[in-house]
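These notes are about the structure you will find just below.
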Amino acid sequence: MNDVPQWQLWFRDEFKIKWDKLADALGKTAYMLGWSLLIGAVVGMVLALILVLCRKEGLLRNRVVYSIVNVYVNIVRSVPFIIAVFVLYGFTRMLVGKSYGPTAMLVPLVVYISPYMARLFENSLLEVSPGIIEAAQAMGATTWQIVTRFMLPEALSSIVLALTTGAVSLLGATAMAGYAGGGGVGDLALTYGYQTYNEKLMLLTVVILIVFVQLLQFLGNRIASRLRAHK
Amino acid sequence: MIDIEHVSKVFQAPSGDVQALQDVSIHVEKGDIYGIVGFSGAGKSTLLRLVNRLESPDTGTVTVAGENLSSLSKKQMLLLRRKIGMVFQQFNLLEGKSVYHNIAIPLKLAGASKAEIDKRVGEVLRFVELEDKRDNYVSQLSGGQKQRVGIARALATSPDILLCDEATSALDPQTTESILRLLQRVNREMGVTILLITHQMQVIQLICNRVAVMEGGSVVEEGTVLDVFGQPKTEVSKRFVRTVINDRVPEAFTGIVREEKRNQKVDLLKFIGDTVKEPLIANLCRMEGLEVNILGATIQEMQGSVMSVFILQLIGDEEKILEAERRIDKAGAIRERLVMDHE
């Protein structure tokens, strides 16, 4: 015990928990948040592009595809996350091989966040002026070129803001995922904090989450406004 | 160069079907600056978009540079679009990007090399006189400069045809004129055929050689600009011509006409170019028993020619007036009797 730094001892006395445990929880939360955000954003963007391109005024107008994606997004969005975790138990086990731990939790997290990201991205993409799209068509751009060279670059700052909003929502979901078997800060707050009446620890996790959200939002706003600087 | 034959198109709207185009035919020759004028909702925007297939007709054929558009594959259509530039009322530029980036886009889409792009962007920027703005952001430019960038972008791929969708409607009169002069240079120096739509008759007057007047999805009148301005046949055309050529007795002079108790007629005379050789008005003034009063006169320059408009009050016996009018007609002027309100 002699090689443990002084401040960690203080931490343990203060919060009745080892620093390592908190560090581990933070790592797990960051892991779940990072990966589910990345995968969820990619899936969400694909869904959003399908919605925007296949809608009635879209470049690839397709009522059937649009309706399927639209209904899927609405259904998934109406299921509360904690319920989705249990509904997806079997599916998760099939994909990951187990239904607990941070990696397993990525499955319900992605399923939960991707339709939400899809709606946010859909709005961002719809903000792109139809005139720009028309100009692109008039230049002889293919649909792929219109998406990659006009729609995405034009919507970029709005997409960054959507990503920020998505990340903040996702942080809330990771806390629940933690409790349902993923570990992380949420799990720490509930199992060690709430159930052992350790109010100080609960407070600490709340503060950590607040700081996390503030940081995310600050970063998102900053990047978005930099991208928007010349508009 | 562009042949639109018997084209019709209906748009389905929740409020019912809208006949956007109704048996429309127009023919644009190579080298033309062809103007389509009409009030909003006349169908001109749809007509323009037939040429690069942003709209397709329900019936009828559209032939561009010898190619029937309905027979082209999707890929061929994309290639053809690169030979047709388009300029928009709202510019439709990437506001957050540099002038260079905007003009380079169509070249990048076509797969040009960096060196080719640099060279061509430099050329078109020089042509539109914006070389010094190459690295500026579009959002920093004025409306007129933005439209110059729009034109430069449209010219980047060296098109044979330029489509202009109300290209000057968002600009002030002075800027409008400079953009029109630029379009004229595009036509003359680069040999680009221009098809434009507008609701401003000045645009037609300043640069077009042919004009089609549209109303309710149909072309109601078509011809050379001098013909349509000289003798508009339909009510819409007259309304449009009136926006640039005053053919009314000026408000301040209506009293003169109203208070004249002697027998009188008010005639509108149009002289196009130098078709009238004799000093007609001077000769009228010399006629015995006829009093000639000039109530209004304007001179309009168009198509490298001049059109002068005079409003004359002719006072005298009916016989004398008729003789004067015969004389006017014989001299080759276009004459129209104006009906005054009090009559």
Side-chain angles (χ1 to χ4, degrees), chain A residues 49 52-63 65-67 121 123-163 220-231, chain B residues 12 14 45 48-49 51-55 72 74-99 101-111 135-141 149-150 153-157 159 161-166 170:
Chain A
L49 283 170
V52 171
L53 293 174
C54 295
R55 84 202 146 102
K56 202 163 159 241
E57 300 81 13
L59 292 172
L60 303 173
R61 188 177 171 175
N62 187 326
R63 215 171 157 166
V65 175
Y66 177 85
S67 303
F121 288 156
N123 283 334
S124 302
L125 292 171
L126 289 177
E127 278 169 27
V128 176
S129 126
I132 300 264
I133 312 273
E134 190 179 38
Q137 284 181 286
M139 281 174 213
T142 61
T143 305
W144 176 249
Q145 287 175 325
I146 291 175
V147 168
T148 55
R149 290 178 186 262
F150 295 87
M151 286 169 77
L152 293 179
E154 276 295 282
L156 196 57
S157 69
S158 175
I159 286 172
V160 168
L161 286 179
L163 214 55
N221 288 349
R222 182 140 186 163
I223 296 171
S225 74
R226 193 161 287 183
L227 287 168
R228 225 184 273 263
H230 297 291
K231 286 217 165 174
Chain B
Q12 272 136 15
S45 175
L48 187 76
R49 283 163 175 71
V51 179
N52 58 1
R53 206 79 172 170
L54 290 179
E55 297 282 0
L72 294 182
K74 204 169 169 194
K75 194 161 180 202
Q76 287 172 311
M77 190 62 242
L78 293 181
L79 290 175
L80 184 71
R81 278 184 185 158
R82 289 181 187 154
K83 301 306 276 175
I84 304 174
M86 192 165 183
V87 178
F88 303 87
Q89 177 174 5
Q90 296 303 333
F91 325 124
N92 295 347
L93 299 167
L94 302 175
E95 293 273 333
K97 297 280 163 55
S98 68
V99 168
H101 181 95
N102 271 277
I103 300 173
I105 280 188
L107 296 165
K108 283 184 193 159
L109 295 181
D135 299 315
N136 284 50
Y137 289 96
V138 170
S139 54
Q140 300 166 331
L141 304 181
V149 175
R153 178 179 70 178
L155 293 175
T157 49
I161 296 171
L162 186 64
L163 305 176
C164 300
D165 180 6
E166 299 273 10

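Keep in mind that the numbers below use all heavy atoms, side chains included, and drop hydrogens, waters and symmetry copies. We name chains A, B, ... by the order of the sequence lines, and we start the count at 1 in each one.
Side-chain atoms of S67(A) and R63(A) form no donor-acceptor pair, as typed in the model, at a separation below 3.5 Å.
Proximity to chain A (any heavy atom under 4.5 Å) is shown, for L109(B), by both the backbone and the side chain. L93(B) touches chain A through its backbone: at least one of N, CA, C or O sits under 4.5 Å from a heavy atom, while the side chain does not. At a 4.5 Å heavy-atom cutoff, R53(B) makes no contact with chain A through either its backbone or its side chain.
When side chains are defined from C-beta on, F91(B) does not count as touching R153(B), because their heavy atoms never get closer than 4.5 Å.
A salt bridge between E95(B) and K97(B) is absent, with no side-chain N of the basic residue lying under 4.0 Å from a carboxylate O of the acidic one.
Of all heavy-atom pairs between L162(B) and A154(B), the closest is CD1-CB, 3.5 Å.
Contact tally against chain A (heavy-atom pairs below 4.5 Å) for I84(B), N52(B), L94(B), L79(B): the top residue is L94(B).
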